[in-house]
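Notes follow once the structure below has been shown.
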Amino acid sequence: ARLPADASITAWDINYAPDDVGALDAAGGRVVLAAERPTQQFERITLLDVIEHVEDDHEFLNGVVDDLLEPDGVVLISVPAYQSLFSTHDTALGHFRRYTPTQLRAVAEGAGLQVVAHGGLFASLLGARGLTKLRERVSNPDPNWTGVGAWSGGPMKTRAIVAALSADAAMGRVLSGRRLPLPGLSCWVLGTRRT
């Protein structure tokens, strides 16, 4: 509803099935699902939890910036943080890696982006993930664990977690705006194409 009348959104995912692509007619066709790589350039690109799924993240991001980003375009990238926290959860999600904030900035800059802002997300979850990783080290995790999408906490617990994570995100925005980014379970960069 907030999309300007002359704007459109293209959601590109190689995993979209033909039925997925044909099913969405949101915003009068201004939201497009694409399984094939787009051929046009974009003013803004978001890669939210994408590049950790790509084996050669440098080549992929270079291609996105070179081929898909307009000359004055902006890219927002988020990734899971800290390789030391890599766990069976990452394996189940198909992650090749996690990133430190410094590594993410280096990947972005290596692709020709000038990082104008960066920060962390989900600082409150770092301790919980650290404990999960420690538990995996002292016990043998189930190699068939899929845990992803198996949430069954109920509506009240879900609302409480959403509220806590929303407060976490708000605090992160405030501190990042003051150039005091918190470390988090995820990290992000906002970059513009270097001219």
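In this chain, numbering begins with 1 at the start of the sequence shown.
Linking ILVMFWY residues whenever their side-chain heavy atoms come closer than 4.5 Å, directly or via other members, leaves Leu126 and Leu131 in distinct clusters. Under the 4.5 Å side-chain heavy-atom criterion for grouping Ile, Leu, Val, Met, Phe, Trp and Tyr, Tyr99 is not connected to Leu93 through any hydrophobic cluster. Taking hydrophobic clusters as Ile, Leu, Val, Met, Phe, Trp and Tyr residues chained together by side-chain heavy-atom distances below 4.5 Å, Val189 shares a cluster with Val65. No continuous path of hydrophobic side-chain contacts links Tyr82 to Leu104 [ILVMFWY only; heavy atoms under 4.5 Å]. When hydrophobic clusters are built by joining Ile, Leu, Val, Met, Phe, Trp and Tyr residues whose side-chain heavy atoms come closer than 4.5 Å, directly or via intermediates, Val64 is grouped together with Val50.
With contacts defined as side-chain heavy-atom distances shorter than 4.5 Å, the pair Val107/His58 qualifies. By the 4.5 Å heavy-atom criterion applied to side chains, His53 and His95 are counted as neighbours. Taking the side chain as every heavy atom from C-beta outward, Trp188 and Ile77 never approach each other to under 4.5 Å. Leu165 is listed as a side-chain neighbour of Leu125, based on a closest heavy-atom distance under 4.5 Å. When side chains are defined from C-beta on, Val54 does not count as touching Glu59, because their heavy atoms never get closer than 4.5 Å. Using a 4.5 Å cut-off on side-chain heavy atoms (C-beta onward), Lys133 and Ser84 make no contact. Side-chain contact between Thr132 and His89: absent, with no pair of heavy atoms (C-beta onward) separated by less than 4.5 Å. Side-chain contact between Val79 and Cys187 is present, with at least one heavy-atom pair separated by less than 4.5 Å.
Distance CZ/Arg194 to CG/Leu113: 7.5 Å, rounded to 0.5 Å. Atom-to-atom distance recorded for Ile9:CD1 and Phe42:CZ is 11.0 Å, nearest 0.5 angstrom. One finds the CD atom of Gln41 at 7.0 Å from the CG atom of Leu69 (value rounded to the nearest 0.5 Å). The CG atom of Leu85 sits 11.0 Å away from atom CG of Leu134, with the distance rounded to the nearest 0.5 Å. One finds the NZ atom of Lys157 at 13.5 Å from the CZ atom of Arg159 (value rounded to the nearest 0.5 Å). For the atom pair CD1 (Ile45) and OG1 (Thr10), the distance works out to 10.0 Å, reported to the nearest 0.5 Å.
Scanning both residues, Arg193 and Pro71, for their nearest heavy atoms gives CB-O, 3.5 Å. Heavy-atom minimum distance, Tyr16 versus Ala35: O-CB, 3.6 Å. The minimum heavy-atom distance linking Asn62 with Gly110 is given by the pair OD1-O, 3.3 Å. Minimum heavy-atom separation, Pro183 to Ala123: O-CB, 3.2 Å.
Looking at Arg97, Gln83, Arg98 one by one, the single match for side-chain hydrogen bond (donor to acceptor under 3.5 Å, both in side chains) with Asp90 turns out to be Arg98.
Residue Arg178 places its CZ atom among 12 or fewer non-hydrogen atoms of other residues, nucleotides or ligands, all under 6.0 Å distant. In Glu70, the CD atom is crowded: over 12 heavy atoms of neighbouring residues, nucleotides or ligands sit closer than 6.0 Å. No more than 12 heavy atoms of other residues, nucleotides or ligands lie within 6.0 Å of CD1 in Ile14, so this atom counts as exposed by the packing criterion. Other residues, nucleotides and ligands place no more than 12 heavy atoms under 6.0 Å from the CZ atom of Arg44. Heavy-atom contacts from other residues, nucleotides or ligands closer than 6.0 Å to CD of Gln40 number more than 12.
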Practice task
Applying side-chain contact (heavy atoms from CB on, under 4.5 Å), run through Asp57 and Phe96 and close with a yes or a no.
Solution key: CA-CA 9 Å; Asp57 55 347; Phe96 284 97; over 6 Å; no

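Under the 3.5 Å distance criterion, the side-chain polar atoms of Glu136 are matched with a main-chain donor or acceptor of Thr88.
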